[in-house]
Amino acid sequence: MTLGQKLAGYRKLAGLTQQQLGEHLNISAQAISKWEKDLSEPALATLRSLAELYKVSVDELLDLNAGFDVNVPDPDEEEKEADPPKESAPATIGFCKACGISVSEENMGTTTPVVLCKNCLAEKEHQQKAAALAAQKKREQEERARKLKEESNRRKRRNHRTLAFCIAGLAAAVFLGLMIAAMVSSFSGGLVPVTVVGLYIVFAFVFCMFYECIVQDVVFDWFDKSLHLPGLIFTFDLDGFIWLIGMKILFWFIGFLFGIVTGIIGIIVGLICAPFVFPFLMRKEARGIAAGEALED
């Protein structure tokens with residue numbers, strides 16, 4: 001029998017576990033385990049404390065030849081049987097990228113593209129859904145605003161078109177009245193073809209002038225043409241100032257006449273272009289009206 005076996009036997013007879021004996025002696029259970037495995041020996045003072053605890057002498061404790069029953073139940077084994085071993089903790093997969101906690105199979109949310117726990121994954125999905133709903137709501141608002149703008153543009157265009165038709169119709173009616181008066185006064189029916197053609201030209205020209213099209217741009221472009229007149233040199237005296245004022249009035253009159261001439265040219269060009277532009281413009285407007293009705297339906 002070894003010293004370790006005898007120390008273990010006395011501990012078992014006393015009904016103490018290694019932890020309990022260590023607390024009594026103010027040493028660790030690992031030190032007692034080493035004694036009982038003959039890996040180390042207790043100090044003399046500790047042997048005296050053991051002898052007092054087991055109520056034997058130190059000589060009896062150290063007498064390795066004395067008979068001793070080692071087949072005594074070990075309180076440590078009984079404690080292990082009474083308390084089954086705890087299940088080992090699940091293996092750690094990684095650490096949550098969002099909150100930093102340890103992630104195992106029990107609380108794993110996802111591992112791709114990064115490791116996330118269940119709570120953080122649920123929060124991420126909630127944020128994604130909220131962002132998707134916000135984006136959808138924004139798209140719906142933009143689409144609603146676009147439709148309202150298109151409807152407003154169609155309404156303005158319709159009002160503009162109606163105004164142009166009214167003014168063109170009024171101008172055509174005035175022209176027709178003048179031509180009828182001319183035919184009545186001359187008692188001639190030869191003005192009928194001229195009246196029909198002129199009625200169409202006047203209506204088309206006035207409509208184009210009050211509607212946004214190329215005829216309007218051509219006429220206004222001719223009206224905007226200006227005459228570049230030379231600079232004036234004068235003396236700083238009364239005669240010089242009178243001469244300057246007279247030349248300024250003359251140049252203004254020349255520019256005014258030039259503007260009237262270019263305006264007349266623009267009107268003539270517009271009268272020539274309007275009958276050809278008007279049908280295409282009406283075709284475009286008819287398509288726009290049909291498209292607007294389709295959108296409203």
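Through direct or indirect side-chain contacts shorter than 4.5 Å among Ile, Leu, Val, Met, Phe, Trp and Tyr, V174 is connected to L178.
Closest approach of F165 and M282 over heavy atoms only: CZ-SD, 3.6 Å. Shown here for I201 and P275, the closest heavy-atom pair between the two residues is CG1-CG, 3.8 Å. Of all the heavy atoms in L281 and C208, the pair that sits closest is CD2-SG, 4.4 Å. Here the closest heavy-atom approach between residue A171 and residue V206 is recorded as CB-CG2, 3.6 Å. Nearest heavy atom pair, residue Q18 against residue I32, reads O-CD1, 3.4 Å. Considering every non-hydrogen atom in both F175 and G198, the closest pair reads CE2-C, 3.4 Å.
Shown here is Y200, whose OH atom has more than 12 heavy atoms of other residues, nucleotides or ligands within 6.0 Å.
Under a hydrophobic clustering in which Ile, Leu, Val, Met, Phe, Trp and Tyr are joined whenever their side-chain heavy atoms come within less than 4.5 Å, directly or via other members, L199 and I180 fall into the same cluster. Hydrophobic clustering of Ile, Leu, Val, Met, Phe, Trp and Tyr side chains at less than 4.5 Å, counting indirect connections, unites I272 with I264.
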Could you check E143 against R139 for salt bridge (Lys or Arg N to Asp or Glu O under 4.0 Å), going step by step and ending with a plain yes or no?
CA-CA 6 Å; E143 181 67 17; R139 287 194 297 268; over 6 Å; no

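Not a single side-chain hydrogen bond (donor to acceptor under 3.5 Å, both in side chains) links E142 to another residue, sequence neighbours left out. Applying the ring-ring contact (aromatic ring centres under 6.0 Å, His included) rule to F205 yields no partners; only residues at least two apart in sequence or on another chain are considered.
The CD atom of E41 lies 12.0 Å from the OG1 atom of T46; values are rounded to the nearest 0.5 Å. The CG atom of N153 sits 9.5 Å away from the CD atom of E151 when rounded to the nearest 0.5 Å. In this structure, the separation between CD1 on I268 and SG on C273 is 12.0 Å, given to the nearest 0.5 Å. From R48, atom CZ reaches atom CG of L44 across 4.5 Å, with rounding to the nearest 0.5 Å. K124 NZ to C117 SG: the interatomic distance, rounded to the nearest 0.5 Å, is 12.0 Å. Rounding to the nearest 0.5 angstrom, the gap separating the CG atom in L21 from the CG atom in L16 is 6.0 Å.
Ion pairing between K129 and E125 fails under the 4.0 Å rule for side-chain N and carboxylate O.
Between V202 and L176, the closest side-chain pair of non-hydrogen atoms is not below 4.5 Å. Contact annotation: the side chain of T162 approaches that of C166 to within less than 4.5 Å [non-hydrogen atoms, C-beta and beyond].
E23 places no side-chain N or O within donor-acceptor distance of the main-chain N or O of Q20, the cut-off being under 3.5 Å. No donor-acceptor distance shorter than 3.5 angstrom exists from the side chain of S33 to the backbone of A29, with no hydrogens or angles considered.
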